[in-house]
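Only one structure is covered here, and it is reproduced in the block below.
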Amino acid sequence: MAFKTEYEFELPRGFEDSSGNIHKKGVMRLATAADEILPMRDQRVQANPQYHIVILLSRVITRLGDLPMIDAKVIENLFILDLEFLKDFYNRINEGENPEWPARCPKCEHEFMAPFPFGFKRED
């Protein structure tokens, strides 16, 4: 059983492209260490650390409507409400408030995803 690495979302307002089309539905993947670290080398981030989120989101959003590519210009042109939504969404999927772990019922062998509590202490 593979764990989930991509999550669908829908923007509250949506990105308006140059033709006037609104793109609301998208997919964000889980971030890697490189996604967090590599933007720090970007001159725009070095000049303005708040730009980090723009580069980061352009790396982890894999689809937004029918757009052929998600780059920093797309993220820069999002409405603030949508940017805040994506920042919150990124944190929720990557910080794993409710992580799950593959499990199997010892009686019936049914496989399912069970919540994995952090701080769990196994007692032997």
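As a basis for the values below, the full set of heavy atoms in this structure was taken, side chains included, without hydrogen atoms, waters or symmetry mates. Residues: numbered from 1 along the sequence shown.
Under a cut-off of 6.0 angstrom, the local environment of CG in D88 is crowded, with over 12 non-hydrogen atoms contributed by other residues, nucleotides or ligands. Heavy atoms from other residues, nucleotides or ligands lying under 6.0 Å from CD of Q50 number 12 at most.
L83 contributes atom CG, which lies 13.0 Å from atom CZ of F15 (distance to the nearest 0.5 angstrom). Put simply, OG on S58 and CG on D71 are 7.0 Å apart, with the number rounded to the nearest 0.5 Å. Here the NE2-CG distance, from H23 to L67, works out to 4.0 Å after rounding to the nearest 0.5 Å. One finds the CZ atom of F9 at 12.0 Å from the NZ atom of K25 (value rounded to the nearest 0.5 Å). One finds the CD atom of Q43 at 13.5 Å from the CG atom of N48 (value rounded to the nearest 0.5 Å). Atom-to-atom distance recorded for I37:CD1 and L56:CG is 11.5 Å, nearest 0.5 angstrom.
Qualifying side-chain hydrogen bond (donor to acceptor under 3.5 Å, both in side chains) partners for D82, counting only residues two or more places apart in sequence or in other chains: none.
Listed for the R29 side chain is a donor-acceptor partner under 3.5 Å among the backbone atoms of R59.
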**OP:** Please lay out, stage by stage, how Y51 and E76 fare under the test side-chain contact (heavy atoms from CB on, under 4.5 Å).
**Re:** CA-CA 9 Å; Y51 199 78; E76 286 175 2; 2.3 Å; yes
**OP:** Could you give me the CA-CA distance, side-chain angles and deciding distance for L86 and L11, then say whether side-chain contact (heavy atoms from CB on, under 4.5 Å) is met?
**Re:** CA-CA 8 Å; L86 289 170; L11 296 175; 3.7 Å; yes
**OP:** Tell me, with the steps shown, if V54 and V45 meet side-chain contact (heavy atoms from CB on, under 4.5 Å).
**Re:** CA-CA 9 Å; V54 172; V45 174; over 6 Å; no
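Looking at every heavy atom in both residues, I61 comes nearest to M28 through CG1-CE, 4.0 Å. Contact record, A34 with P39: O-CD, 3.7 Å, taken as the closest heavy-atom pair. Across every non-hydrogen atom of V27 and E6, the tightest pair is CG1-CB, 3.8 Å. The shortest non-hydrogen separation linking I22 to E16 is CD1-CB, 3.7 Å.
Using modelled atom types, one finds no donor on one side chain facing an acceptor on the other under 3.5 Å when comparing E95 with Y90.
At a threshold of 4.5 Å between non-hydrogen side-chain atoms, the residues D66 and D17 do not count as touching.
With respect to I55, the side chain to side chain contact (heavy atoms under 4.5 Å, CB included) criterion is satisfied by exactly one of R41, M40, R44: R44. Of the candidates N94, L57, V60, L30, D35 forms a side chain to side chain contact (heavy atoms under 4.5 Å, CB included) with just one, namely V60.
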